[in-house]
Amino acid sequence: VQLQASGGGLVQAGGSLRLSCAASGSFFGIPVMAWYRQAPGKQREVVSSVTSGGETVYVESVKGRFTISRDNAKNTVYLQMNSLKPEDTAVYYCRAEVVPSMLSPRSDYYWGQGTQVTVSS
């Protein structure tokens with residue numbers, strides 16, 4: 001399974017960016033897809049997650065500004081980021097919980113390669 005993330009870049013404060021992450025490979029399903037971020041000198045933190053049924057969770061600092069969504073047919077998760085702030089600057093990673101087969105009793109977890117988001121003040 002591979003996760004390919006894209007969409008990062010440099011934007012001024014108040015601007016918007018949209019991240020995408022597509023999963024490819026052989027698997028039965030992806031119950032959860034999520035976005036994490038890691039700023040310089042800080043630990044990686046979860047930003048948002050979405051289940052295959054559309055249930056979403058957000059970290060408090062992005063509520064009302066970021067929207068996570070997914071296209072199950074394309075195995076792709078998106079993160080629409082509006083009203084960006086300098087403190088949103090980080091490398092953003094997608095993560096997927098993957099069920100390998102219908103009979104598998106466990107899930108595997110995969111990370112995308114990370115995409116840089118830089119917000120200038």
Side-chain angles (χ1 to χ4, degrees):
V1 176
Q2 291 188 328
L3 299 180
Q4 182 66 46
S6 61
L10 172 64
V11 65
Q12 289 188 332
S16 299
L17 284 173
R18 189 192 193 210
L19 306 182
S20 300
C21 178
S24 61
S26 178
F27 47 83
F28 175 70
I30 308 178
V32 182
M33 301 187 83
W35 288 98
Y36 286 69
R37 66 187 179 186
Q38 187 166 20
K42 295 187 177 181
Q43 290 188 331
R44 191 173 298 188
E45 65 169 353
V46 61
V47 176
S48 183
S49 64
V50 59
T51 69
S52 56
E55 295 178 355
T56 59
V57 178
Y58 297 91
V59 68
E60 190 65 31
S61 60
V62 308
K63 285 181 179 179
R65 300 188 298 121
F66 291 10
T67 302
I68 192 170
S69 61
R70 64 185 283 178
D71 184 332
N72 291 329
K74 296 182 179 179
N75 296 312
T76 300
V77 63
Y78 306 95
L79 187 67
Q80 177 65 44
M81 305 184 293
N82 299 329
S83 302
L84 282 161
K85 303 176 180 180
E87 50 263 44
D88 295 317
T89 295
V91 177
Y92 284 70
Y93 299 88
C94 59
R95 184 176 187 245
E97 176 188 352
V98 176
V99 177
S101 69
M102 187 172 62
L103 300 178
S104 176
R106 58 168 175 80
S107 295
D108 296 323
Y109 296 85
Y110 297 88
W111 290 94
Q113 81 280 16
T115 184
Q116 177 70 47
V117 171
T118 302
V119 184
S120 62
S121 57

> Roughly how far apart are S61 OG and E45 CD, rounded to 0.5 Å?
Replying inline: 5.5 Å
> Are the side chains of D88 and R65 in touch, meaning some heavy atoms are under 4.5 Å apart?
Replying inline: yes
>> Measuring only between side-chain heavy atoms, which start at C-beta, is R70 closer than 4.5 Å to I30?
In response: yes
>> Testing the basics here: between S52 and N72, what is the closest heavy-atom pair and its distance to 0.1 Å?
In response: O-ND2, 3.0 Å
>> Minimum heavy-atom separation for W35 and S20, please, with both atom names.
In response: CH2-O, 3.6 Å
> What do the steps show when you test S6 against Q4 for side chain to side chain donor-acceptor pair (under 3.5 Å), and what is the final call?
Replying inline: CA-CA 7 Å; S6 61; Q4 182 66 46; over 6 Å; no
> Looking only at atom types and distance, does a side-chain atom of S107 sit under 3.5 Å from a main-chain N or O of V99, one as donor and one as acceptor?
Replying inline: no
> Hey, quick one: are V50 and L3 part of the same hydrophobic cluster, counting side-chain heavy atoms closer than 4.5 Å, chains of contacts allowed?
Replying inline: yes
> Are any non-hydrogen side-chain atoms of V46 and V59 less than 4.5 angstrom apart?
Replying inline: no
> If you take all heavy atoms of P86 and S121, which pair is closest and at what distance?
Replying inline: CG-CB, 3.8 Å
> Side chains of M81 and V47: closer than 4.5 Å at any heavy-atom pair?
Replying inline: no
> Looking at side-chain heavy atoms only, is the closest gap between F66 and L84 below 4.5 Å?
Replying inline: yes
> Under 3.5 Å, side chain of Y58 to main-chain N/O of I68, donor-acceptor pair present?
Replying inline: yes
> From R37 CZ over to R44 CZ, what is the distance, rounded to the nearest 0.5 angstrom?
Replying inline: 13.0 Å
>> Surrounding CD of E87 (heavy atoms of other residues, nucleotides or ligands, distance under 6.0 Å), is the total greater than 12?
In response: yes
> Is the closest side-chain heavy-atom distance between M33 and C94 below 4.5 Å?
Replying inline: no
> How long is the span from the CH2 atom in W111 to the CZ atom in R95, to the nearest 0.5 Å?
Replying inline: 5.0 Å
>> Can you confirm whether D71 sits close enough to Y78 that some side-chain heavy atom of one is under 4.5 Å from a side-chain heavy atom of the other?
In response: yes
> Any donor and acceptor pair, going by atom type alone, linking the side chain of T89 with main-chain N or O of V119 inside 3.5 Å?
Replying inline: yes
> Got a donor-acceptor contact below 3.5 angstrom from the Q113 side chain to the A5 backbone?
Replying inline: yes
>> So, using salt bridge (charged side-chain N to carboxylate O under 4.0 Å, His left out) as the criterion, who are the partners of D108 when residues are at least two apart?
In response: R106
> Under 4.5 Å between side-chain heavy atoms, hopping through other hydrophobics if needed: is there a path connecting Y36 to L79?
Replying inline: no
